[in-house]
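Step one of this worksheet: look at the structure below.
These numbers come from the heavy atoms of this one structure, side chains and all, not from hydrogens, waters or symmetry mates.
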Amino acid sequence: MVRRIPRGRVATYGQIAELAQASGPRQVGYALHALPEAHDVPWHRVVNARGTISLRSGLGGEAHQHALLKAEAVEFDANGRIDLDRFRWKKR
DNA sequence: AGCCTGACTCGGA
DNA sequence: CTCCGAGCCAGGC
């Protein structure tokens with residue numbers, strides 16, 4: 001499901017959970033954390049409901065994700081948050 | 001089976 | 001709008 005997120009767009013955990021028919025936002029996050037090394041999943045396009053990066057473990061990856069998104073023209077405000085009204089992926 | 005933990009979310013203050 | 005607390009489900013011990 002995460003693979004469906006187009007470049008330059010982001011989705012929330014809850015959104016993915018719903019579309020992927022997962023049993024909850026946490027499972028989505030859990031799944032992404034457990035991604036195999038050889039993945040082709042743009043996990044960086046997934047953020048929490050507030051539009052912020054929430055990597056609980058392995059800090060530093062936060063900056064990485066920020067960079068990846070920035071490379072796809074996703075903008076962050078002064079608080080490091082994404083304007084979901086503009087960048088949230090609307091499955092369509 | 002019970003208990004703890006976690007890339008979350010939602011409602012109330 | 002932000003901060004807290006409770007609710008969630010699955011996985012490892």
Side-chain angles (χ1 to χ4, degrees):
Chain A
M1 180 47 80
V2 177
R3 256 189 307 255
R4 293 206 208 172
I5 305 173
R7 182 170 161 295
R9 280 295 156 78
V10 298
T12 66
Y13 289 91
Q15 183 177 10
I16 297 299
E18 201 175 334
L19 296 176
Q21 293 175 45
S23 35
R26 306 195 70 145
Q27 274 43 255
V28 176
Y30 190 78
L32 290 183
H33 185 160
L35 277 178
E37 316 199 6
H39 64 66
D40 54 341
V41 182
W43 60 274
H44 54 274
R45 292 176 187 155
V46 184
V47 296
N48 61 29
R50 290 184 302 190
T52 61
I53 309 297
S54 46
L55 297 177
R56 296 199 167 181
S57 60
L59 280 104
E62 192 170 56
H64 183 207
Q65 180 167 13
H66 188 122
L68 290 171
L69 289 174
K70 189 177 172 188
E72 298 189 345
V74 174
E75 298 168 30
F76 288 78
D77 63 14
N79 296 310
R81 303 190 320 195
I82 299 172
D83 183 346
L84 292 177
D85 291 322
R86 293 201 305 154
F87 298 99
R88 182 171 168 285
W89 172 45
K90 290 141 193 169
K91 178 190 178 217
R92 98 170 48 174

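- No more than 12 heavy-atom neighbours from other residues, nucleotides or ligands sit within 6.0 angstrom of NE2 on H33(A).
- A distance of 4.5 Å separates NE2 of H66(A) from CZ of F76(A), quoted to the nearest 0.5 Å.
- Listed by residue number, S23(A), R26(A), Q27(A), Y30(A) are the residues of residues 12-31 of chain A with a heavy-atom contact under 4.0 Å to DNA chain C.
- Between W89(A) and A11(A), the closest heavy-atom pair is CE3-CB, 4.2 Å.
- Atom CZ of R45(A) is separated from atom CZ of R4(A) by 14.0 Å, given to the nearest 0.5 angstrom.
- One interatomic measurement links the two molecules: CG of L32(A) to P of dA10(C), which rounds to 16 Å at whole-angstrom precision.
- Only at 4.0 angstrom or more do the heavy atoms of residues 64-80 of chain A sit from any atom of DNA chain C, so none qualifies.
- Under the 3.5 Å distance criterion, the side-chain polar atoms of D83(A) are matched with a main-chain donor or acceptor of D85(A).
- V46(A) and Y30(A) fall into different hydrophobic clusters, where Ile, Leu, Val, Met, Phe, Trp and Tyr side chains are chained together by heavy-atom contacts under 4.5 Å.
- Within 4.0 Å of R81(A), counting heavy atoms only, lie sugar-phosphate atoms of the nucleic acid but no base atom.
- In E18(A), the CD atom is not crowded: 12 or fewer heavy atoms of neighbouring residues, nucleotides or ligands sit closer than 6.0 Å.
- Going from the P atom of dG12(B) to that of dC8(C) covers 15 Å, rounded to whole Å.
- Taking the 5' to 3' direction, DNA chain B first and last meets chain A under 4.0 angstrom from a heavy atom at dG6(B) to dT9(B).
- Here the CG atom belonging to L69(A) is positioned 10.0 Å from the NE2 atom belonging to H64(A), to the nearest 0.5 angstrom.
- Listed here is the closest heavy atom pair of S54(A) and Y13(A): OG-CE1, 4.2 Å.
- Under a 4.0 Å N-O distance rule, the pair E75(A)/K70(A) does not qualify as a salt bridge.
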